[in-house]
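Hydrogens, waters and symmetry mates play no part in the numbers below; they use all other heavy atoms, side chains included. In what follows, chains carry the letters A, B, and so on, assigned in the order in which the sequence lines appear, proteins first and then strands, with residues in each chain numbered from 1.
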Amino acid sequence: MNPTEIYDALAEIAAAPFDPNEFPFAFAEATDAAKAAISKLRGSTNKSDLPGGVLFNRKFHYAPALAGLTDVTLEQLRNSKKSKTSKPAILIATDGDTVAAEHPSSGDTLHCRFDEIGDNFGFFLPAAGKERYRAVEENPIDVKATGKLARLYDALITANPDWATEARRHEMNQLMMRLIFCMFAEDVGIFPDNQFSRLIFTHAGDRGEEAQATIIAAFRAMNLPKGKRDGLPFWTAELEYVNGGLFAGQIDAPRFDVVAFRYLREASGLNWREINPDIFGSMIQSVADPKQRSELGMHYTSVPNIMKVIGPLFLDDLDAQIHNAWDKPKGLQQVLDRLSGIRVFDPACGSGNFLVVSYRELRARETRVLKRLQDVTANTQAPLFSAIPITHFYGIEIADFAAETAKLALFIAEYQANAAFAEVFGRRPAALPLKDAANIRTGNALREDWERVCPPPADGQEVFIAGNPPFVGSNFQTEDQKCDRDLLFKAEFKSYKNLDYVAGWIYLAARYAEKISGVSFAFVTTNSVSQGRQVSTLWPRVLQNLEIKFAHSSFQWKNNAAANAAVICVIVGVAGKNSSTKRLFSDGIAAEAGAISPYLIPMSPVYVEGASPSLFDLPRMDYGSKPADGGNLVLSPEEMEEIVGEHADAQRFIRKYLGSQEVVRGQTRYCIWVSDQEAHDALEIPPLRKRIEAVRRFRQESKNPATIPTAATPHRFWFTGPAVQKHAILVPRVTSERRPYLPVEKVGADVISSDLNQVLYDAPDWCIALIASRLHLVWIATVCGKLKSDFRYSNTLGWNTFPVPKFTDAQLDALSASALNILKCRWSLYPKTIADLYDPEKMPDDLRAVHRENDELLETMYIGRPFRNDTERLEKLFKLYAARVKALGAKGGR
DNA sequence: AATCCGACAATCG
DNA sequence: CGATTGTCGGATT
């Protein structure tokens, strides 16, 4: 949500009638809280200690005020103990007529009429977490420049509303780029010292009255060779001829008011010499885009991460070639020939980071090789110029401003590379006029024809596709993105709707690479594409004619922006099949492999598809019961006691309720559990009635069409598992990756498991021995999805595909006994919880011992001895899996 | 009817 | 405030 959307949402609240109970949730929604978070806020996460109050941790603390007493209520909020512990960014009290609010961190207060909430949205932004974005900690000049440019841009738009329209946006963006180029050029010596600003500020008037005409005249002059500037003011004669696409085409400028003119003056006063084109580009991208501005470079790819992509993709190989040719003029000349034929193509180029860094690295190598060639051949003649043109750099970018920025950043990178060249050889190509620009296309990469953007090069020349396309999980895509996805995938994929948006780039790159020889590609992507269900959907097609050359296993996203995106990434590099050694990186350390599977393990691809029922005849595993209740059917121990304290007859409708956390940390929650027959009785009890009614409302308002009919039976969970006779075995669906064994727990029939556990109802104990084994953990860790890098247990992907040998009855008895040993050992350590017991640092020796015995027992049943390591475990499991799938296929499938 | 996911989201120390 | 670790319910099959 960007600030404008927050403004709109708050204005809507201000216009609607005031409801003291609903206001806080509407406010939370307006300040960008996730729907699920609001649901939780209605239930357990509201920690307010004031009557009718709602405290959203770290966001806001609200309390309704009596008419005319908002100040008193604000004082109560200020003094609330809970306000002190959970540090809300905003305190807000209202009686529906006036509003009193405060930022506790600064003490700033706001008093306004209720219907002015929208107009004061700036004050409420901290509730949306916006204050947590500090300026990007980067090169100070980049930060300053970005700030000045953003203000200049805003001021120009304010003074010229017509320039903010779709039709003129491109012109506006071009204007900004031309100004930036001129300010840069006059600081680095492309223009004579301060020539541009001297002329502008001489002729534009004290308050910028003539700035518009002056800038238009200057830019027109720069697009015409000197001496051909008839009709332009006399003073433009001394301006340099720049051209190069940057000044070609329509030249216009908006009107500068006093404010805009002042920012222009401040911006040109900065020292632009120091700017860093690889990062600067991503930062000024935020200038034109308020959404980007709130994210402040959250998603630009850091230089170390770019190097993780382009190093293995082409730089490492070039370096090896240079090393081998170091004393051989012919070999060095071959390197130069190769360099001059390389294309780099980033189909999600943003402001051009990958292209700029690639260009810089290639130019640095070229300079090194030229120097060496000169030394080896004793040729004192300096080479005349670089053979790496920026026209060999291609990009697609959806945002016009960013695309223009990318072109500019490459001009600047070219200038800087030429300066480095001059330091070695004492001469440089003339900076002006500019030559052709990089080939940056403004458009939607999933709909563009990549071959038209980056035409296939001559034989023997190479194209390297690299970048960091956007990640959007299947559940979070916009309608437009879904539309892109449908158009792209429907021809060749039977199912594709579960794929992340980023998969579109992988697929298109694969199509490009399999058609044109000499193409390799590598992207930074979310690690989801190499996990769980996406693997068997995406990769069989991508690797039809190609193979994975290198990969970087999961690493946490990081750049220098203050607020980092919360995502775990991988890098996968793909090209045509050959016998080369593959490289699998982890934390920057490479391991060599004969093949890399899309699960990013050193193994030939085997795709595990979700199956139901078990391919190996294991007992059926279900989900627990899913409430989808807005938090109303679930009770904390305190809430349970409160209800039962006042209404003893409510007891029969309340059951113990376990999710993942409760299993792992030994906590308890309760839930309202009412059968259809009892529904009438339950509704007689006021607190139950109130909650059940709230469930009905929640479900009626659901966006999910499948949820709405369940509003008719609000006393019931959205989905309920089968009735348990004796016991249930619970496996939490998401748990920490640090534990050496997966958590599993056996509970009695009286307990309700939530959908956060997988459940084996009334299953034999030997199932526990399987789940608690190292073998099973290794399988789950490989073939199931992950949440960041934590284990995510799935019945269809993990349990139903888990390969087991045909066990004899005696073996099953032995496994059941082993399972009991594990459980007994845990009980003997009560009240330690699973979280305590399986902490890798603190796991007790006796528990380790029973697990080791369990592993040895089970593994011996597979191969007659324990496995040596996880690689051996996985190889055996994949072999058994593949054999089973083949056998079932031969029988006609299931 | 059943389930996999989250450029996440909440909590802990 | 960074490290740790798993809620919740939608969208899709």
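- For A:Arg42 and A:Glu22, the salt-bridge test passes: some basic side-chain N is under 4.0 Å from an acidic carboxylate O.
- Using the six-membered ring where Trp is involved, A:Tyr507 and A:Phe489 have ring planes that are parallel, under 30° apart on the 30 and 60° scheme.
- Considering only side-chain N and O atoms, A:Asn527 lies nowhere under 4.0 angstrom from the phosphate OP1 or OP2 of B:dA7.
- OP1 or OP2 of C:dT13 has not a single side-chain nitrogen or oxygen of A:Asn498 nearer than 4.0 Å.
- By the 4.0 Å N-to-carboxylate-O rule, A:Arg826 lies close enough to A:Glu745 to be salt-bridged with it.
- Nearest-nucleotide positions on DNA chain B for A:Gln661 and A:Gly610 put A:Gly610 closer to the 5' end.
- Between the side chain of A:Asn468 and the base of B:dA7, at least one donor-acceptor pair of N or O atoms lies under 3.5 Å.
- Taking 3.5 Å as the limit, the base of C:dG10 and the side chain of A:Lys626 contain a donor-acceptor pair of atoms between them.
- Applying the 4.0 Å criterion to OP1 and OP2 of C:dT7, one finds that A:Ser754 has every side-chain N and O outside that range.
- Which of C:dA11, B:dC4, C:dG9 sits closest to the side chain of A:Ser39 comes down to C:dG9.
- Between A:Asp676 and A:Arg716, at least one side-chain N (NZ, or NE/NH1/NH2) sits under 4.0 Å from a carboxylate O, which counts as a salt bridge.
- Nucleotides B:dA10 and C:dG10 have their P atoms positioned 16 Å apart, rounded to a whole Å.
- Base-pairing analysis of DNA chain C finds the following stems of at least three consecutive Watson-Crick or G-U pairs, with both pairing distances under 3.5 Å: B:1-6 with C:8-13, B:8-13 with C:1-6.
- In the region residues 703-713 of chain A, proximity to DNA chain C at under 4.0 angstrom, judged on heavy atoms, holds for A:Lys703, A:Asn704, A:Thr707.
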